[in-house]
Amino acid sequence: MPHARANGITIEYESHGPEDGDAILLIMGMGGQLTQWPLGLIELLAAKGFRVIRYDARDVGLSEKMDAAGLPDMEAVATAVAQGDPAPVAYHLDDMAADAVGLLDALNVRKAHIVGASMGGMVAQLVAADHPDHVLSLTSIMSTTANPDLPAASQELTEQFTRTPPDPHEDPEGFVDHMLSHWRLTRSPAYPVDEGFVRAQFAADVERSTYPAGPARHYAAIVAAPDRRPKLRTITAPTLVLHGEHDPLIPPVCGRDTADSIPGAEFRLIPGMGHDLPPQLSGLLADAIEEVARRARAAEAGGAPSAYRRTFRASGPAADGTRRAPGSGS
């Protein structure tokens, strides 16, 4: 696959769809390789005429690793954050946002629709806030604002996600089992996926790249991140916030807080969705991303104003996008 120099590091990426189409940049979550974006979603977006770019973030997949940084001292990071001191982390989410913008520059993409999931949503938010000249629209999926008053994941999930996994080089099957245990706790209850299929995907990811230190440094960057709400209030790009109604890792109120913090953002709650991207939702996600992209292009062309608020709650497992009155509960 191709790679590019971006923000001083090497980034592995893929590009799908017509080269002259509006670009969509997909940013995956903590420790996630580009392969975790469903291929069906990419194919649907490409069929709509978009150039879809997905990439491995720094420290994961086939992108450059920050080996010299070592493993983070999470106790020291947490203590620094609690005391309001600079946290001892290898890099910040802002650096990862600069990576994304650097990749667009390397690919000669002047502006793109920025789509991020989980930690990738946090990075996407920072791209939209700090690099508005590169952004056509923003879609933040199952993400949050770092508002300290928001609820956290359950103790069970926190312990599971901070547990040291088996060494993937010595025990690849055990490492895949560890990944499956994460998925079982966060999968979408209304959209079952065959576990054998998921295991095969995880096994392919392990074969493609195994680097546990990267996700650990990603996690440190998340913990060290300050409240993004002041920055989110400066975003002017048309914004869509998607969140699963049954997300146990980042509760739905976090998605609503994200939308409430961005002027004119649209919030859509998806029943039956957890903290994953099941293939059954690829059509809904592709249509939603296309909708906010069209709104962005209309705004650029001097059409309808981009700043307006709509609250959606998709209805039932089919998630047909039925609208509710603005301000109505989730």
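Every heavy atom of this structure was used, including side-chain atoms; hydrogens, water molecules and symmetry mates were not.
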*How far apart are the closest heavy atoms of Ala6 and Ile11, and which atoms are they?*
CB-CG1, 4.0 Å
*Could you tell me which residues satisfy salt bridge (charged side-chain N to carboxylate O under 4.0 Å, His left out) with Asp247, sequence neighbours excluded, listed by chain and number?*
none
*Hey, quick one: are Val241 and Leu150 part of the same hydrophobic cluster, counting side-chain heavy atoms closer than 4.5 Å, chains of contacts allowed?*
no
*Excluding sequence neighbours, so at least two apart, what forms salt bridge (charged side-chain N to carboxylate O under 4.0 Å, His left out) with Asp276?*
none
*Is it possible for you to say whether Val115 and Leu136 belong to one hydrophobic cluster, with membership spreading through side-chain heavy-atom contacts below 4.5 Å?*
no
_Heavy-atom pair of closest approach, residues Ile53 and Ser15_ = CG1-OG, 4.2 Å
*Single-linkage hydrophobic cluster Val135~Tyr13, side-chain heavy atoms < 4.5 angstrom*: yes
_Suppose the criterion is salt bridge (charged side-chain N to carboxylate O under 4.0 Å, His left out): which pairs have a residue in residues 20-43, not counting sequence neighbours?_
Asp22-Arg297
_So, using side chain to side chain donor-acceptor pair (under 3.5 Å) as the criterion, who are the partners of Glu14 when residues are at least two apart?_
His16, Arg54
*Can you sort out the partners of Arg187 under side chain to side chain donor-acceptor pair (under 3.5 Å), two or more places apart, ordered by chain and number?*
none
*Specify the closest pair of heavy atoms between Ser143 and Thr258, including all atoms of both residues, with the distance to one decimal.*
O-OG1, 4.0 Å
_According to ring pair (Phe, Tyr, Trp, His ring centres under 6.0 Å), who are the partners of His275, at least two apart in sequence or on a separate chain?_
none
_Keeping Lys111 on the side-chain end and Val109 on the backbone end, is there a donor-acceptor pair under 3.5 Å?_
no
*salt_bridge(Arg295, Glu291) N-O dist < 4.0 Å*: no
*So does Glu12 pair up with Arg208, basic N to acidic O under 4.0 Å?*
no
*Could you list all the side chain to side chain donor-acceptor pair (under 3.5 Å) pairs where at least one residue sits in residues 211-227, not counting sequence neighbours?*
Asp59-Arg217, Asp67-Tyr211, Tyr211-Arg217, Asp227-Arg229
_Closest contact, heavy atoms only, Trp37 versus Ala117_ = CH2-CB, 3.8 Å
*Closest non-hydrogen atom pair between Tyr55 and Ala100, with its separation*: OH-CB, 3.4 Å
*Side chain of Gln33, backbone of Met28: donor and acceptor closer than 3.5 Å?*
no
_Heavy-atom donor-acceptor pair, Asp95 side chain to His92 backbone, under 3.5 Å_ = yes
Atom pairs and distances, side-chain donor-acceptor, residues 127-134, under 3.5 Å, sequence neighbours left out:
{"residue": "Asp130", "atom": "OD1", "partner": "Lys231", "partner atom": "NZ", "Å": "3.4"}
{"residue": "Asp130", "atom": "OD2", "partner": "Lys231", "partner atom": "NZ", "Å": "2.8"}
{"residue": "His134", "atom": "NE2", "partner": "Asp105", "partner atom": "OD1", "Å": "2.8"}

*Quick one: salt bridge (charged side-chain N to carboxylate O under 4.0 Å, His left out) pairs with a partner in residues 164-183, sequence neighbours left out?*
Glu173-Arg199, Asp177-Arg199
_Other residues, nucleotides, ligands: >12 heavy atoms within 6.0 Å of Gln83 CD_ = yes
*Which pair of non-hydrogen atoms, one from Ala146 and one from Arg228, has the smallest distance, and what is that distance?*
N-NH2, 3.6 Å
*Could you tell me which residues satisfy side chain to side chain donor-acceptor pair (under 3.5 Å) with Arg110, sequence neighbours excluded, listed by chain and number?*
none
*Cluster question for you: counting only ILVMFWY and a side-chain heavy-atom cut-off of under 4.5 Å, with indirect links fine, are Leu34 and Val60 together?*
no
*Considering residues at least two apart in sequence or located in another chain, which fulfil the side chain to side chain donor-acceptor pair (under 3.5 Å) criterion with Ser209?*
none
Check residues 73-82 and write down every donor-acceptor pair under 3.5 Å in which the side-chain atom is one partner and the other belongs to a residue at least two apart or another chain.
{"residue": "Asp73", "atom": "OD1", "partner": "Glu75", "partner atom": "N", "Å": "3.2"}
{"residue": "Asp73", "atom": "OD1", "partner": "Ala76", "partner atom": "N", "Å": "3.1"}
{"residue": "Thr79", "atom": "OG1", "partner": "Glu75", "partner atom": "O", "Å": "2.8"}

